[in-house]
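Each remark here refers to the structure printed beneath this line.
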Amino acid sequence: MPATLAQLELRVVCASCLLKAGEERAEPWEEAAEAAEASEVPGVGPVVSPFVTVEVFGGAFAEVRGASARNERSPRRGATFHFEAEAHSNKGEASGAEWRSSSLASNGLCAFWPKEEAVCVVSASHSELAIVWVGVWTTRLGRATLLAYEAFPLALCRSGWRTICLRGRGGRRARFCNLLVHAQARMVPNPYYRGMGTVEGVVHSIFGTVGK
């Protein structure tokens, strides 16, 4: 693993014109003209209560956690944990690194999250391989239902205010459906890095990185 980790702190600020469960809102210039015309009719589903999840995949090490959990016990290398904004937990392992925000009741038009409830930190050993997946969900009949999402390479993230144009469940851009975030990108020391021996140093000089 490299001596530093690429880190991205994301603060979810607000979401506008979210899709309803089962709704598709295509762009008018897309090839599916009929679907675009049908999308002019507002969704008839129930009002959504959105929450946001952030996941990261790729590289030797990748995790995402709530900002308030920075000083908690660090997970061992290779393990991924699920952190929620309302109640952090570092006991259960999950199949993928995931963070979840709080849920806003009945607000899909212009949802706004308080700062202390919607900040997460993404860390990865190889930013060029890591993919960040952001999804907006609602709870329907006791189950989480995906409304919209977007995925992007961690290596392309820059600090500042960013608008994430979301896609519907079918993968097409959803018109007017956006997520506003504030991002802070930085490099931090890798707590899992160990000094390399002679053999590892030679391998590192040839191949660039050493997996541990």
Short side-chain donor-acceptor distance under 3.5 Å, Gln184 and Ser159: no

Derivation and outcome, side chain to side chain contact (heavy atoms under 4.5 Å, CB included), residues Asn190 and Phe61: CA-CA 10 Å; Asn190 185 354; Phe61 173 83; 5.8 Å; no

Residue pair [X] / [Y]: nearest heavy atoms and the distance that separates them:
X      : Y      : answer
Ser125 : Gly59  : OG-C, 4.2 Å
Val56  : Ala130 : CG2-CB, 4.1 Å
Leu154 : Ala124 : CD2-CB, 3.6 Å
Asn178 : Leu166 : C-CD1, 4.3 Å
Ala174 : Gly168 : CB-N, 4.2 Å
Ala183 : Leu10  : CB-CD2, 3.8 Å

Just wondering, do Val54 and Val132 contact through their side chains at under 4.5 Å, heavy atoms? yes

If we only count heavy atoms from C-beta on, is the Val121 to Trp99 side-chain gap below 4.5 Å? no

How many angstroms lie between [atom1] in [X] and [atom2] in [Y], if you round to the nearest 0.5 Å?
X      : Y      : atom1 : atom2 : answer
His182 : Lys115 : NE2   : NZ    : 9.0 Å
Ser49  : Leu104 : OG    : CG    : 8.0 Å
Ser123 : Glu9   : OG    : CD    : 10.0 Å
Trp113 : Ser102 : CH2   : OG    : 8.0 Å
Cys110 : Leu18  : SG    : CG    : 9.0 Å
Thr139 : Phe51  : OG1   : CZ    : 4.5 Å

Do the side chains of Trp137 and Leu19 join up, straight or via other hydrophobic residues, at under 4.5 Å, putting them in one cluster? no

Answer yes or no: is there a donor N or O on one side and an acceptor on the other, between the side chain of Ser127 and the main chain of Ala155, under 3.5 Å? no

Is it the case that the side chain of Trp161 and the backbone of Leu180 share a donor-acceptor pair, with hydrogens and angles ignored and the cut-off at 3.5 Å? no

Set out, in order, the CA-CA distance, both residues' side-chain angles and the distance that settles side chain to side chain contact (heavy atoms under 4.5 Å, CB included) for Thr163 and Leu179, then state yes or no. CA-CA 6 Å; Thr163 298; Leu179 189 68; over 6 Å; no

Would you sort out whether Val134 and Val52 count as a side chain to side chain contact (heavy atoms under 4.5 Å, CB included), showing the intermediate values? CA-CA 7 Å; Val134 179; Val52 179; 4.0 Å; yes

Candidate pair Arg100 and Glu98, rule salt bridge (charged side-chain N to carboxylate O under 4.0 Å, His left out), full reasoning: CA-CA 7 Å; Arg100 172 177 170 172; Glu98 178 183 304; over 6 Å; no

Just to verify, what does Arg169 make a side-chain hydrogen bond (donor to acceptor under 3.5 Å, both in side chains) with, not counting sequence neighbours? none

Would you be so kind as to tabulate the donor-acceptor pairs closer than 3.5 Å made by side chains of residues 141-153, with sequence neighbours excluded?
residue : atom : partner : partner atom : Å
Glu150  : OE1  : Arg167  : NE           : 3.2
Glu150  : OE2  : Arg167  : NE           : 3.3
Glu150  : OE2  : Arg173  : NH1          : 2.5
Glu150  : OE2  : Arg173  : NH2          : 3.3

